[in-house]
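If you read the sequence from its start, that first residue is 1, and numbering goes on from there. The structure presented is a predicted model; accordingly, all values stated were derived computationally and were not measured.
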Amino acid sequence: QAQLVESGGGLVQAGGSLRLSCAASGLTFSSLGMAWFRQAPGKEREFVAGINWRGSSRYYADSVKGRFTISRDNAKNTAYLQMNSLKPEDTAVYYCAADRNRYSSGIYSSGDEYDRWGQGTQVTVSS
């Protein structure tokens with residue numbers, strides 16, 4: 001069964017760092033683009049970062065550009081989100097997601113473009 005499992009969330013002070021991991025199983029990870037989304041209480045889910053199947057292209061939401069880095073290790077079937085200089089407004093549940101299609105040429109910011117989702121991991125940034 002296809003599964004994505006996030007880990008690495010927690011409580012951190014503003015200015016601190018966290019690294020989230022997304023371990024994939026039961027899917028063709030190396031041929032799928034991956035993305036991170038987040039959802040804060042009372043707000044809509046928003047795109048954070050995406051990486052194509054090759055790992056050669058990355059795209060970030062303006063709100064995290066320069067602070068977050070998405071990466072992947074296909075040998076480990078794992079995607080990562082390194083989060084630096086965290087701000088209270090980064091507080092949210094973070095989800096990883098896999099692209100619907102193999103070998104996609106694009107990186108998509110719409111959640112509709114992804115059909116496999118993890119359960120989420122909570123990130124809380126205190127001021």
With sequence neighbours excluded, what pairs up with Phe29 under the ring-ring contact (aromatic ring centres under 6.0 Å, His included) test? none
Lys43 atom NZ, neighbour heavy-atom count above 12 within 6.0 Å: no
Mind checking whether Arg38 and Val64 have side chains closer than 4.5 Å, heavy atoms only? yes
So which pairs with a foot in residues 25-62 pass disulfide bond (SG atoms under 2.5 Å apart), sequence neighbours left out? none
Under a plain distance cut-off of 3.5 Å, with no hydrogens placed, do Thr78 and Asp73 share a side-chain donor-acceptor pair? no
For the ring pair (Phe, Tyr, Trp, His ring centres under 6.0 Å) test, which of Tyr108, Tyr95, Trp117 pairs with Phe37? Trp117
Is there side-chain contact between Gln13 and Ser127, with heavy atoms separated by less than 4.5 Å? no
Using side chain to side chain contact (heavy atoms under 4.5 Å, CB included) as the criterion, point out the one residue from Val48, Ile70, Ile107, Ile51 that pairs with Tyr60. Ile70
With a sphere of 6.0 Å drawn around CZ of Arg54, does it hold more than 12 non-hydrogen atoms of other residues, nucleotides or ligands? no
Could you check whether Thr124 and Gln122, counting side-chain N and O atoms only, form a donor-acceptor pair closer than 3.5 Å? yes
Tell me, please, whether Trp53 has Arg72 positioned over its six-membered ring: NZ or CZ under 6.0 Å from the ring centre and within 45 degrees of its axis? no
Which residues pass the salt bridge (Lys or Arg N to Asp or Glu O under 4.0 Å) test with Arg67, not counting sequence neighbours? Asp90
